[in-house]
Amino acid sequence: MPRPSRNLDRALLAAGRALYPSTGCAGLTIRQVCDAAGVNTGMFNYHFGTRESFLRAVMQQAYEEMFARLSLATARPDAAAPDAMLRAALRVLGRFVRDKRPFIARLLADALAGEAVARQFVRDNLPRHVTVIAGLVAAGQARGTIRALAPAQALGTIAGALVLPIFAGGAIADSGLMPGPAARALADSVLPDAAIDERIDLILQGLAVPAGPAAVPTRKRKVKP
């Protein structure tokens with residue numbers, strides 16, 4: 001018996017990715033997905049079996065697309081250029097977070113709310129790209145171009161400067177709490193490629209070993225009369 005067309009499972013996954021940011025794990029139903037994809041429930045069961053398996057496939061598909069680009073960006077044969085590979089990796093991550101912001105925000109909210117599928121997905125996949133970034137930082141430290149910071153400090157600096165403005169700035173701009181022109185100005189300052197690249201420049205400058213001895217400010221001691 002020939003296998004049904006793979007176009008059906010792709011249509012179902014596309015529908016799931018479109019619906020998930022607004023429904024989350026708890027609200028996404030098989031009927032919703034099938035109606036959006038124009039596919040009958042029998043084909044859903046054939047391809048995915050359960051709603052939980054489908055949700056995991058939706059999450060994994062989105063992640064694997066990013067991780068493939070990340071792997072390609074860091075697969076340079078020149079091992080003496082970890083800083084350049086770190087820049088390339090951060091550009092992939094920054095654009096992924098920007099482009100999939102509603103999806104990622106819902107995924108993290110579901111994981112924090114205790115949704116089993118989301119929690120397991122985060123446990124399985126978060127270490128993958130974190131390990132890549134940490135490895136590039138360590139390579140730069142070994143080469144003497146990146147400060148000898150603890151891994152958590154370096155990764156926290158990267159996340160705080162690269163990812164947080166996208167989530168926080170984007171959420172505030174979308175919230176309706178600011179006048180239209182101000183909201184657009186905020187979004188334009190944190191979301192475009194140029195803004196992401198500018199923050200990556202600042203991150204790399206902050207992580208870099210200073211070119212010369214840093215001046216240490218000293219306090220003037222008051223002399224008692």
Notebook entry, point to check: When rounded to the nearest 0.5 angstrom, what is the spacing between CG in N7 and CG in L12?
Noted result: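 Output value for this atom pair is 11.0 Å.
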Item checked: Value rounded to 0.5 Å, distance of NE2 in H47 from OG in S53 ->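 Rounded to the nearest 0.5 Å, the NE2-OG separation comes to 14.0 Å.
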Is a side-chain donor or acceptor of [X] paired with a backbone partner of [Y] at a separation under 3.5 angstrom?
| X | Y | value |
| --- | --- | --- |
| T74 | A89 | no |
| Q141 | L149 | yes |
| Q32 | T29 | yes |

Margin query: Determine whether V209 and T145 satisfy the following criterion, side chain to side chain contact (heavy atoms under 4.5 Å, CB included), listing intermediate values before the conclusion.
Written below: CA-CA 5 Å; V209 172; T145 57; 5.8 Å; no
What pair of heavy atoms forms the shortest contact from [X] to [Y], and how long is it?
| X | Y | value |
| --- | --- | --- |
| R106 | P21 | NE-O, 3.1 Å |
| I203 | A161 | CG1-CB, 3.5 Å |
| L186 | A173 | CD2-N, 4.0 Å |
| H129 | N125 | ND1-O, 3.7 Å |
| R51 | L28 | NH1-O, 2.8 Å |

Check: Have Q120 and D124 got a donor and an acceptor in their side chains that come within less than 3.5 Å?
Finding: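 Note: Q120 and D124 side chains meet the donor-acceptor criterion.
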Using a strict threshold of under 4.0 Å (side-chain N to carboxylate O), is an ion pair present between [Y] and [X]?
| X | Y | result |
| --- | --- | --- |
| D110 | R119 | no |
| D188 | R184 | no |
| E65 | R17 | yes |
| D193 | R91 | no |
| E64 | R69 | no |

Check: Checking side chain to side chain contact (heavy atoms under 4.5 Å, CB included) for the pair L55/T50: CA distance, chi angles, key distance, verdict?
Finding: CA-CA 9 Å; L55 280 166; T50 66; over 6 Å; no
Next item on the list: Please lay out, stage by stage, how R87 and D197 fare under the test salt bridge (charged side-chain N to carboxylate O under 4.0 Å, His left out).
Entry: CA-CA 9 Å; R87 180 186 298 277; D197 290 343; over 6 Å; no
Margin query: Does R31 have more than 12 heavy atoms from other residues, nucleotides or ligands lying within 6.0 Å of its CZ?
Written below: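 No, because the 6.0 Å sphere around CZ of R31 holds 12 heavy atoms or fewer from other groups.
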Check: Is the cationic atom of R128 (NZ for Lys, CZ for Arg) positioned less than 6.0 Å from the six-membered ring centroid of F67 and within 45 degrees of its normal?
Finding: yes
Check: When you look at F48 and I30, which way does the side chain to side chain contact (heavy atoms under 4.5 Å, CB included) test go after all the steps?
Finding: CA-CA 10 Å; F48 300 103; I30 293 174; over 6 Å; no
Next item on the list: With the side chain counted from C-beta on, respond yes when C25 and E52 share a heavy-atom pair under 4.5 Å apart, and no when they do not.
Entry: no
Notebook entry, point to check: So do the side chains of L13 and R10 get within less than 4.5 Å of each other, counting heavy atoms only?
Noted result: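 No - every pair of side-chain heavy atoms lies 4.5 Å or more apart.
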Checklist line | F103 and Y20 aromatic ring geometry - parallel, tilted or perpendicular at 30°/60° bounds | finding: tilted
Next item on the list: Give me the ring orientation class for F54 and F44: parallel if the planes are under 30° apart, tilted from 30 to 60°, perpendicular past 60°.
Entry: tilted
Next item on the list: Look at the side-chain heavy atoms of Ile, Leu, Val, Met, Phe, Trp and Tyr, link any pair under 4.5 Å apart, and say whether I172 and V163 land in one connected group.
Entry: no
Next item on the list: Please step through side chain to side chain contact (heavy atoms under 4.5 Å, CB included) for the pair I133 and L90, ending with a clear verdict.
Entry: CA-CA 8 Å; I133 300 301; L90 296 183; 4.1 Å; yes
Note to self: Can you tell me which residue among V92, L164, I196, I166 is in a side chain to side chain contact (heavy atoms under 4.5 Å, CB included) with V97?
What the structure shows: I166
